[in-house]
Amino acid sequence: AELLIGAYTELHAKYKSFEVSLTNKQQHLKSKVPELEKSLTLVQTLLQKQEQGEQHATARYSLADNIYATAELDFSVGTVNLWLGANVMLEY
């Protein structure tokens, strides 16, 4: 009986740590949603400007907290590169 209790206790601890790990991953992914939504809005805005026939525009983007840079956008290229982090870049 004690052997079974020990086995169940070990399984319970394993599943509890698995649950904590999944909860942390879920919270981490949820924290990325607002930034991804902003990126999507930006891409939609760029598409609208391209459809309206604009060729160039200027944009300000965040490099770090309270540090911004200015970029010249060329709509004739037809692609957008988004930096997702962790050495991952996505091209539309």
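Just so it is clear, the model here is predicted, and its values are computed rather than measured.
No single ILVMFWY cluster, assembled from side-chain heavy atoms under 4.5 Å apart, contains both L73 and Y68.
Closest heavy-atom contact between H56 and D74: CE1-OD1, 3.6 Å. Closest of all the heavy-atom pairs between S62 and A64 is OG-O, 3.1 Å.
In E91, the CD atom is crowded: over 12 heavy atoms of neighbouring residues, nucleotides or ligands sit closer than 6.0 Å.
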Which is it for T9 and I5 under the side-chain contact (heavy atoms from CB on, under 4.5 Å) test, yes or no, and what are the steps along the way? CA-CA 6 Å; T9 303; I5 291 174; 4.0 Å; yes
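Rounded to the nearest 0.5 Å, atoms OH (Y8) and CG (L3) are 10.5 Å apart.
Residue pairs meeting the side-chain hydrogen bond (donor to acceptor under 3.5 Å, both in side chains) criterion with at least one partner in residues 11-29, sequence neighbours excluded, are K16-E19.
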Please table the atom pairs, donor to acceptor, closer than 3.5 Å between any side-chain atom in residues 39-52 and protein atoms at least two apart or in another chain.
residue: S39; atom: OG; partner: E35; partner atom: O; Å: 3.2
residue: T41; atom: OG1; partner: E37; partner atom: O; Å: 3.0
residue: T45; atom: OG1; partner: T41; partner atom: O; Å: 2.9
residue: Q50; atom: NE2; partner: F75; partner atom: O; Å: 3.0

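Applying the side-chain hydrogen bond (donor to acceptor under 3.5 Å, both in side chains) test to T58 and every residue at least two apart in sequence or in another chain returns E72.
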